[in-house]
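Let me begin by presenting the structure, written as structure tokens, before commenting on it.
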Amino acid sequence: MSLSIFRHATQRKDLTSIWRQYTTAQIFGNAGAAEFVAAAGSVDSIPKLHGLPEVIVTGRANSGKSTLFNAVLGRKDLLHTSKKAGRTRELNFFRVGREPGKLILVDAPGYGARGRPQWGAMFDQYLDTRKELRRVYILFNAKHPLNAFDTQMLAHISSKLISDRGRQPFTLQAVITKADSIPSDKIPETIAKMRKDIWEAAPLCLPPVITSATMHPPLGIDEMRKNIADACGLLSPR
């Protein structure tokens with residue numbers, strides 16, 4: 001399968017500038033070092049960790065969040081997967097790298113028809129107050145066109161990308177999952193339509209990374225690792 005994959009780097013001056021910089025292999029190469037560290041089921045229970053850079057993952061209940069990020073972390077079941085969509089009901093925090101860790105990945109409950117108002121309030125509180133947040137990843141299943149829930153979420157997150165002081169507290173990255181589920185003759189048309197819809201809903205969103213965690217070899221996993229490390233300011237200069 002031949003797919004064009006886009007990657008935009010975002011530089012950020014913050015506490016990560018004084019930390020050691022790494023290769024992606026040093027960050028993600030030791031799968032056993034990634035582990036669950038905390039969960040938040042309400043706004044009041046969002047944990048304070050150790051100041052590591054964080055990224056958060058959201059998407060509709062069938063977007064394949066857990067499958068993709070298990071592949072990114074080199075694990076099969078660190079993030080729970082289920083045939084029943086919508087299993088994630090808390091903000092789940094995972095440390096990447098041995099103590100004290102290199103970054104935190106946060107798995108958010110899915111939005112859409114199976115979403116709940118309290119999940120949205122918790123997600124918003126996290127976005128509005130989490131100083132460690134570097135990038136939001138929003139996932140879209142290639143099998144399904146964007147719907148109203150998707151475009152509303154894109155616009156909603158985009159409204160938070162520029163603060164009242166004119167600063168950008170974090171960036172927004174689109175990810176298209178399950179690319180292998182598209183018939184080969186429909187790939188260009190399908191991906192182009194999804195890119196267009198994403199851009200129209202959120203012009204500041206970074207162009208999508210195209211992925212499939214179930215292909216052999218997996219598609220876009222190394223690109224995702226680089227993207228996350230770059231967002232967190234952890235990549236060594238070439």
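Nothing fancy with the numbering, it's 1 onward along the sequence. Everything quoted here is computed from the prediction, not taken from an experiment.
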Query raised in the report: What's the spacing between Ile228 CD1 and Glu223 CD if we round to 0.5 Å?
Result: 11.0 Å
Query raised in the report: With Arg95, which residues qualify under side chain to side chain donor-acceptor pair (under 3.5 Å), at least two apart?
Result: Glu35, Glu99
Report task. Sequence neighbours left out, what pairs pass salt bridge (charged side-chain N to carboxylate O under 4.0 Å, His left out) with at least one residue falling in residues 149-158? Result -> Arg60-Asp150
Requested in this report: Any ring pair (Phe, Tyr, Trp, His ring centres under 6.0 Å) involving residues 175-210? Give me the pairs, sequence neighbours left out, ordered by first then second residue.
Outcome: none
Report task. Scan for salt bridge (charged side-chain N to carboxylate O under 4.0 Å, His left out) pairs involving residues 153-172, sequence neighbours excluded, and state none if there are none. Result -> Asp128-Lys160
Report summary line: Sequence neighbours excluded, the answer for side chain to side chain donor-acceptor pair (under 3.5 Å) partners of Thr151 is none
**Report entry** salt bridge (charged side-chain N to carboxylate O under 4.0 Å, His left out) partners of Asp124, counting only residues at least two apart
**Finding:** none
**Report entry** Considering all heavy atoms, the nearest Ala179-Ala142 contact
**Finding:** CA-CB, 4.1 Å
Report summary line: Residues passing the side chain to side chain donor-acceptor pair (under 3.5 Å) test with Gln152, sequence neighbours excluded, are none
Query raised in the report: How far apart are the closest heavy atoms of Leu234 and Lys102, and which atoms are they?
Result: CD1-O, 3.4 Å
Query raised in the report: How far does CG of Asp107 sit from CZ of Phe69, to the nearest 0.5 angstrom?
Result: 8.5 Å
Query raised in the report: Does the side chain of Thr24 pick up a donor-acceptor pair with the side chain of Asp222 at under 3.5 Å?
Result: no
Query - For Leu78 against Leu73, the heavy-atom pair lying closest together - result: CD2-CD1, 3.8 Å
Query raised in the report: With sequence neighbours excluded, what pairs up with Ala39 under the side-chain contact (heavy atoms from CB on, under 4.5 Å) test?
Result: Phe36, Glu90, Asn92
Query raised in the report: What pairs with Lys193 under side chain to side chain donor-acceptor pair (under 3.5 Å), at least two apart in sequence or on another chain?
Result: Asp197
Report summary line: Sorted by chain and number, sequence neighbours left out, side-chain contact (heavy atoms from CB on, under 4.5 Å) with Pro183 holds for Asp185, Lys186
Report task. Just jot down the side-chain contact (heavy atoms from CB on, under 4.5 Å) partners of Thr177, sequence neighbours excluded, or say none. Result -> Leu68, Leu139, Asn141, Val175, Thr211
Report summary line: Distance col, row His156:NE2 vs Tyr111:OH, nearest 0.5 angstrom, shows 11.5 Å
Query raised in the report: What pairs with Pro47 under side-chain contact (heavy atoms from CB on, under 4.5 Å), at least two apart in sequence or on another chain?
Result: Ala38, Ala40, Leu49, Phe93
